[in-house]
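Beneath this line is the structure, given in structure tokens, with notes to follow.
Every number for a ligand or one of its atoms is a count from 1 in the order of the listing. Side chains are part of it too, since the values below use all heavy atoms of this structure and drop only hydrogens, waters and symmetry mates.
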Amino acid sequence: MVNFENCRVPAANLIGAEGQGFKIAMAGLDGGRLNIGACSIGGAQFCLDRTIDYMKERKQFGSRLADFQALQFRVADYATDLEAARLLLHRAAVAVGAGEGGATRLAAQAKRLATDTGFDVVNGCLQLHGGYGYLRDHPIERVLRDVRVHQILEGTNEVMRLIISRAMLGN
Ligand SMILES: Cc1cc2nc3c(=O)[nH]c(=O)nc-3n(C[C@H](O)[C@H](O)[C@H](O)COP(=O)(O)OP(=O)(O)OC[C@H]3O[C@@H](n4cnc5c(N)ncnc54)[C@H](O)[C@@H]3O)c2cc1C
């Protein structure tokens, strides 16, 4: 923790234009939002990979989990949703890196989609592990707690919707 009390900073040390400090600080969050989105996608991919392995091993009612079509379709949806979130994150990263006009909106959209998708996929993967996935010594239980906070950190996903809707509506 760093505290500044009665700290006078010479005008010559001003970073950027006067009155623009909040805007500059907020723009710094764009990159952080990409980081958080990437953490969610990475955590979800880790869980999906392990879930696919588990579904090939675990047998119930005489069949592998991987042989139940209802569960096959869930894996298909998780892989598709993750790929879509990953693509938007890449698009936002390009925009932030290039300083594009809509970069803040794209970073907020990517953070919102990546962290909501990440949580949904990890939660679904835990479900596909049954009670085993809920145990504390299983990695999916830890990743679930990790990705849950990504919907809150670096600006909540409600605040992401504020940023996006303001950019769309000009409010
Ligand atoms: C593990 C962890 C680590 C953190 N690390 C850091 C850090 O390193 N640096 C840092 O600065 N902060 C950090 N934070 C703080 C984090 O950024 C805040 O918790 C987050 O921005 C939400 O603020 P809040 O907790 O005050 O919630 P509040 O602002 O009180 O929000 C409560 C709820 O109301 C919703 N809400 C609030 N305003 C609106 C609105 N206008 N419209 C719609 N919904 C709204 C929110 O989305 C949320 O769901 C961390 C938090 C956690 C949990």
Side-chain angles (χ1 to χ4, degrees), residues 1-11 13-51 77-78 81-82 84-129 132-171:
M1 171 83 77
V2 179
N3 286 314
F4 295 100
E5 280 179 28
N6 301 320
C7 174
R8 293 182 66 82
V9 180
N13 293 15
L14 193 68
I15 299 170
E18 192 172 348
Q20 295 298 303
F22 185 71
K23 204 173 165 192
I24 293 168
M26 288 300 103
L29 289 173
D30 292 344
R33 288 175 184 150
L34 301 177
N35 287 338
I36 296 295
C39 289
S40 273
I41 290 175
Q45 188 67 56
F46 169 86
C47 292
L48 184 56
D49 292 345
R50 265 138 205 86
T51 300
D77 284 347
Y78 296 154
D81 293 349
L82 263 186
R86 186 182 285 115
L87 280 173
L88 182 60
L89 193 79
H90 286 177
R91 170 72 188 95
V94 168
V96 170
E100 284 181 27
T104 293
R105 170 183 56 84
L106 274 166
Q109 288 176 307
K111 191 269 185 186
R112 208 286 296 158
L113 185 69
T115 57
D116 282 350
T117 302
F119 179 77
D120 289 345
V121 169
V122 174
N123 199 28
C125 287
L126 189 152
Q127 185 74 18
L128 290 175
H129 279 75
Y132 185 45
Y134 187 72
L135 297 181
R136 181 155 268 187
D137 57 3
H138 196 281
I140 290 191
E141 185 268 352
R142 178 179 52 79
V143 178
L144 185 85
R145 283 184 287 120
D146 289 347
V147 295
R148 182 62 186 84
V149 85
H150 295 163
Q151 293 172 303
I152 297 170
L153 279 176
E154 213 75 13
T156 65
N157 284 0
E158 288 80 10
V159 168
M160 294 307 101
R161 290 180 176 92
L162 274 184
I163 294 167
I164 299 159
S165 59
R166 278 182 189 150
M168 306 312 296
L169 300 167
N171 288 351

Rounded distance [0.5 Å steps], CD1 in I164 versus OG1 in T104: 11.5 Å
Can you find a non-hydrogen atom of L153 under 4.0 Å from ligand 1?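 Right, L153 reaches ligand 1.
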Strictly inside 4.0 angstrom of [atom], do you find any protein heavy atom?
atom                    : result
atom 7 (C) of ligand 1  : no
atom 13 (C) of ligand 1 : no
atom 34 (O) of ligand 1 : no
atom 51 (C) of ligand 1 : yes
atom 3 (C) of ligand 1  : yes

Under a 4.5 Å cut-off applied to non-hydrogen side-chain atoms, are L106 and V96 in contact?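 L106 does not reach V96 side chain to side chain.
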Report yes if the side chains of I140 and T51 come closer than 4.5 Å at any heavy-atom pair, otherwise no.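 Result yes, sub-4.5 Å side-chain heavy-atom pair found.
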With no hydrogens and no angle check, do the side chains of S165 and N171 hold a donor and an acceptor under 3.5 Å apart? no
Residues Q45 and D49: side-chain donor-acceptor under 3.5 angstrom: yes
Which residue and non-hydrogen atom of the protein lie closest to [atom], and at what distance in Å?
atom                    : answer
atom 46 (C) of ligand 1 : T156 OG1, 3.6 Å
atom 17 (O) of ligand 1 : E154 N, 3.9 Å
atom 1 (C) of ligand 1  : V149 CG2, 3.9 Å
atom 38 (N) of ligand 1 : V159 CG2, 4.9 Å
atom 44 (N) of ligand 1 : E158 CB, 3.6 Å
atom 19 (O) of ligand 1 : I152 CG2, 3.9 Å

Do NZ/NE/NH1/NH2 and the carboxylate oxygens of R91 and E100 come within less than 4.0 Å?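 Salt bridge present between R91 and E100.
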Using a strict 4.0 Å threshold on nitrogen-to-oxygen distance, state whether K23 and D30 make a salt bridge. no
Under a 3.5 Å distance rule, please check whether H129 uses its side chain to pair with a backbone N or O of C125 as donor and acceptor. yes
When you measure from atom 41 (N) of ligand 1 to each heavy atom in L162, N157, L29, which option holds the nearest one? L162
Run through Q151, K111, H150 and flag the one making a side chain to side chain donor-acceptor pair (under 3.5 Å) with D116.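 Considering Q151, K111, H150, a side chain to side chain donor-acceptor pair (under 3.5 Å) with D116 is found only for Q151.
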